[in-house]
Number of protein chains: 2
Amino acid sequence: MAKGINLKTAELEKISHLDYFNIAVSVDCVIFCYENKELKVLVIKSDLEEFSNLYSLLGDLVRLDEDLDTASYRILQERTGMEDVYLEQVHTFGSVDRHPSGRVITTAYYSLIDAKHQKLRLTNNDLHWHPVKNIKKMAFDHKAILDTCLNRLREQVMEHPVIFNLLPEKFSLRELQELYEAILSVELDRRNFRKKIAIKDWLVDLNEMEEDVPHRPGKLYKLKPEFKRKTLRRKSSNQRPLVA
Amino acid sequence: MAKGINLKTAELEKISHLDYFNIAVSVDCVIFCYENKELKVLVIKSDLEEFSNLYSLLGDLVRLDEDLDTASYRILQERTGMEDVYLEQVHTFGSVDRHPSGRVITTAYYSLIDAKHQKLRLTNNDLHWHPVKNIKKMAFDHKAILDTCLNRLREQVMEHPVIFNLLPEKFSLRELQELYEAILSVELDRRNFRKKIAIKDWLVDLNEMEEDVPHRPGKLYKLKPEFKRKTLRRKSSNQRPLVA
DNA sequence: TACAAATATGTACTTACAACACATTAATTA
DNA sequence: TAATTAATGTGTTGTAAGTACATATTTGTA
């Protein structure tokens, strides 16, 4: 029961009491990383016959004694072993027919992790990182979930300093720009990009240089500590006056 | 069972089988309207003893055969009788202890309706419109839900033409500005506000004038039809390139 | 007929955005 | 060791939007 939502239909049919207590509750995690200049997502092969050969997101049913946030954190930890992750709730998918084995509503979270600092665990069912842009079809409604989370990531990425969770501690501006380009699927002008980042005032110049690059090394930067926000919850307190 | 989530503890204790099928699923609606220059929200008195004298949002358990979106739409319709409403999912609240009678997770929706075009129905338990800014405390975690939805509304209001769902078909720029001010809790400069709205190009000049106002009447406008988006879902397709 | 109260509009300053070009540095190669 | 290559690192200019601020106009009312 640790991967995906794998309830046999029989299992579901056994249970049928009050109408209000046979909706199963799950979470699904869209876990992003950045590797080889590509945005990737953690996927696993579905057990269900209906979806043989399709990949699904990492998910599980929520336990009776755990918060929704905790459940998604548990899944992430079980698979990546990481303790300190960026995790944000995005949307809850609750169509009646979204799961072939019964009524299951699922809350989607997206997560950003540094590929270098994790090793996948419980790597059964072909658990692996898959380039986001190659994914055309997934099991269940997981493609829609992925798209929704990717869109949320795109919305957030210029407004809030979340992208740095995908990078190692030290990075060059080129690396940062390439990451933005991978997420947004656009090409950016280097000079304008640097200006924009400079205005945000998110970075500290480390006075160090890249090493082992086959060209002129760039300066290294890190995120200012005050922006390291590995929150579990969507913050609900931006009161910025949106108009003049 | 139509208002709030009112399960007696006994009812809940009867049911206790597989761990995964005794989480109840509900929706809660933050239904906003605009009346007497105030942003108001529809509230109802809670049945639970724990929360006597506190108000709660309109909510209900989700039925086995209805989509999550449909459930929130049903609640809205039951109370306001309105068919064509703006409704958007915001966040799912799933703390273990958020409901005193048992494990209930709830998905919050916010909705915008024109106060003039509805009549409240099933007005038991002191169902009424309450000014948002006067609400300090609510039953359950409903104050947090309200805050989260209000913040979402504030985020959306300048980016997307959703605010017009709170206004009658025809309105003056002053009315529109007052509504923005009520939602954002700011004072806006009239000249800059008009410029900003003009740039958006959301409005049609109706070549009509306000009537029955005790001062010089203003022009009336309406929203361009192509922006009347009474969507049920958060759109998941803004691919705007966020950077140069 | 004067007054009060709101509508309607314009200008100057500042800041962000977008398109674009050149000098500099380090590694590689001839 | 000098020339080449491929990246880094900046600066300028035009355009659009944001902000602060003032005056003339229209209507209802006293």
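Below, chain A is the first sequence line, B the second, and so on; all start at residue 1.
- Rounding to whole angstrom units, CD of residue Glu211(A) and P of dT8(D) are separated by 16 Å.
- Side chain Arg191(A) to base dA21(C): a donor-acceptor pair is found below 3.5 Å.
- In this structure, Ser95(B) contributes its side chain and Arg98(B) its backbone to no donor-acceptor pair below 3.5 Å.
- Using a 3.5 Å distance cut-off with no hydrogens or angles, the side chains of Thr107(A) and Thr92(A) do pair a donor with an acceptor.
- When heavy atoms are screened at a 4.0 angstrom cut-off, Arg174(A) is found touching the sugar-phosphate backbone but no base atom.
- Between the P atom of dC17(C) and the CD1 atom of Ile197(A) lies a distance of 12 Å, rounded to the nearest Å.
- Straight-line distance from the OH atom of Tyr221(A) to the P atom of dT8(D): 11 Å, rounded to whole Å.
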Taking protein heavy atoms under 4.0 Å as touching, what does nucleotides 23-30 of chain C look like 5' to 3' if B marks base contact, S marks sugar-phosphate-only contact and - marks none?
-> -BBS----

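- Taking atom CG of residue Asn192(B) and atom P of nucleotide dT11(C), one finds them 15 Å apart after rounding to whole Å.
- Atom C1' of nucleotide dA6(C) and atom CD of Gln177(B) are separated by 12 Å, given to the nearest angstrom.
- Taking the six-membered ring for Trp and thresholds of 30 and 60 degrees, Tyr55(B) and His128(B) have ring planes more than 60 degrees apart, a perpendicular arrangement.
- Checking Tyr34(B), Tyr221(B), Trp202(B) one by one against Phe164(B), the ring-ring contact (aromatic ring centres under 6.0 Å, His included) holds for a single residue, Trp202(B).
- Here the P atom of nucleotide dG10(C) and the CZ atom of Arg190(B) are 14 Å apart, to the nearest Å.
- Between Arg152(A) and Glu88(A) there is a salt bridge, with a side-chain nitrogen of the basic residue lying less than 4.0 Å from a carboxylate oxygen of the acidic one.
- Between the side chains of Glu178(A) and Tyr180(A), no donor-acceptor pair of N or O atoms lies under 3.5 Å.
- Listed pair Arg194(A) / dG9(D) meets the phosphate criterion, a side-chain N or O lying under 4.0 Å from OP1 or OP2.
- The number of heavy-atom neighbours closer than 6.0 Å to CD of Glu226(A), taken from other residues, nucleotides and ligands shown, is above 12.
- Atom CG in Asp189(B) sits roughly 15 Å away from atom P in dT9(C) (whole-Å rounding).
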Given Arg174(B) and Glu181(B), is the salt bridge (charged side-chain N to carboxylate O under 4.0 Å, His left out) satisfied, shown in steps?
-> CA-CA 10 Å; Arg174(B) 174 182 38 76; Glu181(B) 291 174 334; over 6 Å; no

I'd like a table of atom pairs between the protein and nucleotides 13-17 of chain D - only N or O on both sides, under 3.5 Å - with the distance next to each one.
none

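- Each salt bridge (charged side-chain N to carboxylate O under 4.0 Å, His left out) pair with one or both residues in residues 106-119 of chain A, not counting sequence neighbours, would appear here, but there are none.
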